[in-house]
Amino acid sequence: MSFRKDAVFANIVFKECTRKITTPTTVIISKKDYFTKDYKKAKPCWKIYAENVDEVKFIDSKSHYFQSDDAEALVEMIGL
């Protein structure tokens, strides 16, 4: 439930944002996720919102809940 609220809030913020994110950005998505089935277009789509999209990384996960389901793999990807 709280994740859904966060997603709704993020959607509102991105739609209302008039300036691009300037922080270097790395996008992490799952190729198997239903919501990112067009994962090959991820970088151009993120460039709509962010100036410095460094790269798009793919996590081998079955869903877009990889931050919970595959936390260890995510931590390894971001180097914590």
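Nothing here was measured: the structure is a model prediction, and the numbers come from that model.
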(message) Has Thr25 got a side-chain atom pairing as donor or acceptor with Thr23's backbone, closer than 3.5 angstrom?
(response)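 Judged by distance alone, yes, a pair lies under 3.5 Å.
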Heavy atoms of other groups near [X] [atom1], more than 12 under 6.0 Å:
X     : atom1 : result
Lys41 : NZ    : no
Glu55 : CD    : yes
Lys57 : NZ    : yes

Pairwise distance [atom1]([X]) to [atom2]([Y]) - rounded to 0.5 angstrom:
X     : Y     : atom1 : atom2 : value
Asn52 : Thr22 : CG    : OG1   : 7.0 Å
Met77 : Asp60 : CE    : CG    : 10.0 Å
Ile29 : Lys43 : CD1   : NZ    : 12.0 Å

(message) Show the nearest heavy-atom pair for residues Ile48 and Lys20, with the distance to one decimal.
(response)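 Taking Ile48 first and Lys20 second, the nearest heavy atoms are O-CE, 3.4 Å.
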